[in-house]
Amino acid sequence: MPDDQQLDIPSEMPLEQTKRPILDQIDDRELSVWIINKLKNDIRDREAFGWNAMRVYDEYSYNGYKGGKTTDPWNNASNYAVGMTPTLVDTAHANTIGSIYFDPDKVVRVKGVAPEDERTSKFVDKLLNWQVINDIEEAKDVLDKTIMNAYKHGNAPVKVIQGAGIAGQKKKVIWKRINVWNIFTNIEAQGIQPRHSDHVFELIALDENDWEIRKTLKRPDGKLAYEGIADLQRGNYIFSSTGMDEITQSKDLTAGTSLGERFTRDMRYILECYVTFPHKDKQTGDVTLVELQVAISPNGGKILSKTINEDIDENTGDAMRPYGWKFQPYPREDRAYGDSLPWLIKQSQEELDYAHNQVMNAMEKLVKTPTFYDPNGGFDPEVVQQTPNGWYPVPDPHRNVFIPSYDYGAVFQHYRSFDLYWEYAQRRTGLTELFQGRQPERGATLGEAEIRVNKAEIRFKVIYDRLEEGFNELIYLTYHYDKKWLPKETVV
């Protein structure tokens with residue numbers, strides 16, 4: 001540096017302070033307030049128009065649970081759910097997971113972009129297929145439940161983490177399915193990478209073993225990975241304030257077991273945050289966007305850990321976050337969260353339930369007609385119940401007993417509407433009777449049937465391609481972390 005050039009350092013700022021890493025310059029209190037405010041806004045934006053209630057409906061409709069009483073219009077009247085929603089969800093799930101594992105020995109297909117990529121792409125193809133089929137623990141189970149939840153709840157995030165021997169795993173890549181209601185981000189985000197959103201938060205419940213392990217984890221420099229985590233208290237404040245207790249209660253009700261009690265009684269909570277934090281220099285006023293990975297206690301806002309996110313995508317140069325987000329069969333063009341299949345066919349499901357119960361109640365009236373008797377006679381209706389073709393002693397029955405007759409034809413005409421509701425739902429979701437393993441209409445010709453098959457495949461392929469984008473994103477993350485975590489001897 002020439003002698004006539006000097007560093008422009010304010011006289012009141014020590015020289016040592018200018019050399020502090022930017023991570024040390026970020027104030028924990030300022031960072032905590034920024035994260036907690038973002039979390040509050042995400043919760044409000046999600047609950048403003050009933051997002052949690054929609055997820056509760058998903059659970060109830062899939063399990064055929066109806067909260068109404070069977071006393072309307074009379075005791076033990078029909079009030080049941082027709083199994084349309086679970087049928088279509090299971091059909092979509094089975095067709096999608098079956099397509100992914102159509103060739104059980106080749107789940108991943110890697111193609112080179114340029115001619116020089118062809119040779120290396122074959123090795124990458126073999127590595128990733130070996131991982132998905134053999135190395136990643138319960139990979140098929142994770143994918144199976146991910147696809148199921150993608151249709152059932154509209155979203156199914158998957159996290160790519162490192163098995164570092166903490167819970168007995170080898171040093172390798174692990175897939176972990178995350179409930180979508182445990183993820184918080186900007187409501188309009190089209191993804192959760194830094195180019196899509198300035199933050200993504202994951203609420204993590206720690207049982208006793210998880211908590212004890214994290215208390216002793218250390219960084220490469222020997223310092224504790226989580227400062228102050230030993231003071232983390234059990235409690236469900238964040239659990240209830242996010243509305244997740246409503247969703248958990250609905251799952252408890254349909255499952256017959258209480259997971260909500262365990263979350264309240266035994267769990268401690270941390271918020272794992274991947275953020276693009278706008279750090280403002282207190283001396284110059286300049287703002288620098290810093291990619292951080294932060295662990296914070298949502299009950300109180302204490303920063304437990306804070307590091308620079310050094311996972312860089314070598315293709316784009318951007319920081320990466322370890323979440324696959326694109327498992328969305330029915331995405332919304334301006335929202336982070338997609339629609340669920342149960343919510344899409346809610347109207348058809350409820351109209352079908354109503355029509356079905358009306359027909360069942362009408363048929364009950366036909367076979368259980370009201371009967372009148374002489375109260376001064378010896379007939380006791382509490383003891384003698386009506387049975388088909390039964391004979392009952394009644395004084396002067398021609399005058400005292402009246403048995404009305406009903407038109408059966410009008411009742412059975414309502415059955416025609418059942419198929420109409422099914423057809424509406426199938427058109428809406430792209431899942432025709434052909435995907436359900438049912439035969440096409442008998443009156444259709446071979447040519448008509450083939451046209452319908454082709455159109456059905458095109459409609460479902462659009463949905464399948466969306467989920468394929470989620471799978472591609474997951475494989476891309478897996479390969480990225482392979483280069484970071486997978487031992488070279490394993491690759492060789």
Side-chain angles (χ1 to χ4, degrees), residues 49-95 148-154 181 246-256 329-330 337-369 406-439 441 456 459-460 463:
F49 290 95
W51 187 88
N52 289 331
M54 293 165 71
R55 303 291 74 78
V56 170
Y57 175 80
D58 295 340
E59 199 64 40
Y60 285 162
S61 62
Y62 178 76
N63 288 279
Y65 176 83
K66 292 181 72 69
K69 298 180 179 179
T70 57
T71 57
D72 185 21
W74 57 75
N75 190 39
N76 293 326
S78 177
N79 186 35
Y80 302 102
V82 182
M84 179 166 66
T85 295
T87 297
L88 294 182
V89 169
D90 291 347
T91 297
H93 164 235
N95 277 277
M148 165 64 78
N149 278 273
Y151 286 109
K152 185 178 175 184
H153 293 299
W181 45 86
E246 304 171 40
I247 302 172
T248 304
Q249 285 173 13
S250 68
K251 296 176 79 68
D252 287 349
L253 191 59
T254 57
Y330 306 103
Y337 304 97
D339 282 329
S340 67
L341 190 151
W343 189 257
L344 283 179
I345 62 173
K346 181 175 185 289
Q347 180 178 348
S348 295
Q349 175 69 68
E350 293 184 346
E351 286 181 340
L352 178 58
D353 291 345
Y354 181 78
H356 173 267
N357 291 325
Q358 287 288 93
V359 169
M360 293 299 104
N361 289 334
M363 291 180 65
E364 187 174 27
K365 291 184 67 175
L366 288 173
V367 299
K368 296 181 179 180
T369 56
Y406 296 93
D407 181 9
Y408 282 79
V411 175
F412 287 106
Q413 283 182 357
H414 285 284
Y415 273 112
R416 299 177 182 178
S417 65
F418 292 3
D419 290 338
L420 186 62
Y421 297 133
W422 274 94
E423 187 176 347
Y424 285 157
Q426 290 164 358
R427 289 178 181 177
R428 185 72 177 89
T429 59
L431 299 165
T432 66
E433 77 279 0
L434 303 173
F435 285 100
Q436 300 169 40
R438 296 163 51 198
Q439 292 182 350
E441 298 177 1
R459 178 73 175 94
F460 185 73
I463 301 169

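These numbers come from the heavy atoms of this one structure, side chains and all, not from hydrogens, waters or symmetry mates.
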Sequence neighbours excluded, the answer for side-chain contact (heavy atoms from CB on, under 4.5 Å) partners of Tyr354 is Gln358
side-chain contact (heavy atoms from CB on, under 4.5 Å) filter on Ser61, not counting sequence neighbours, yields Tyr57, Thr85, Pro342
Rounded to the nearest 0.5 Å, how far does [atom2] of [Y] lie from [atom1] of [X]?
X	Y	atom1	atom2	result
Asn149	His93	CG	NE2	9.0 Å
Leu431	Ile463	CG	CD1	5.5 Å
Tyr337	Met54	OH	CE	12.0 Å

Q: Show your working on side-chain contact (heavy atoms from CB on, under 4.5 Å) between Arg428 and Ser348 and close with a plain yes or no.
A: CA-CA 10 Å; Arg428 185 72 177 89; Ser348 295; over 6 Å; no
Which heavy atom of [X] sits nearest a heavy atom of [Y], and at what distance?
X	Y	answer
Asn361	Ser78	OD1-N, 2.8 Å
Val56	Glu246	CG2-O, 3.7 Å
Leu352	Trp422	CD2-NE1, 3.6 Å

- Query: Just wondering, are more than 12 heavy atoms of other shown residues or ligands nearer than 6.0 Å to CZ in Phe418?
  - Reply: yes
Requested in this report: Could you label the plane-to-plane angle of the His153 and Trp181 rings as parallel, tilted or perpendicular, counting under 30° as parallel and over 60° as perpendicular?
Outcome: perpendicular
Using a 3.5 Å distance criterion without hydrogens, assess whether the side chain of Asp339 forms a donor-acceptor pair with backbone atoms of Gly154. no
I'd like to know if the side chain of Gln349 and the backbone of Leu344 have a donor-acceptor N/O pair within less than 3.5 Å.
no
Tell me, please, which residues at least two apart from [X] pass salt bridge (charged side-chain N to carboxylate O under 4.0 Å, His left out).
X	value
Arg427	Glu423
Glu350	Lys346
Glu59	Lys152, Lys251

### Message
Pair Tyr62, Met148 - check side-chain contact (heavy atoms from CB on, under 4.5 Å), show working.
### Response
CA-CA 11 Å; Tyr62 178 76; Met148 165 64 78; 3.7 Å; yes
Sorted by chain and residue number, the side chain to side chain donor-acceptor pair (under 3.5 Å) partners of Asp252 (sequence neighbours excluded) come out as none
Per side-chain contact (heavy atoms from CB on, under 4.5 Å), Tyr151 is matched among Leu341, Leu88, Thr91 by Leu341
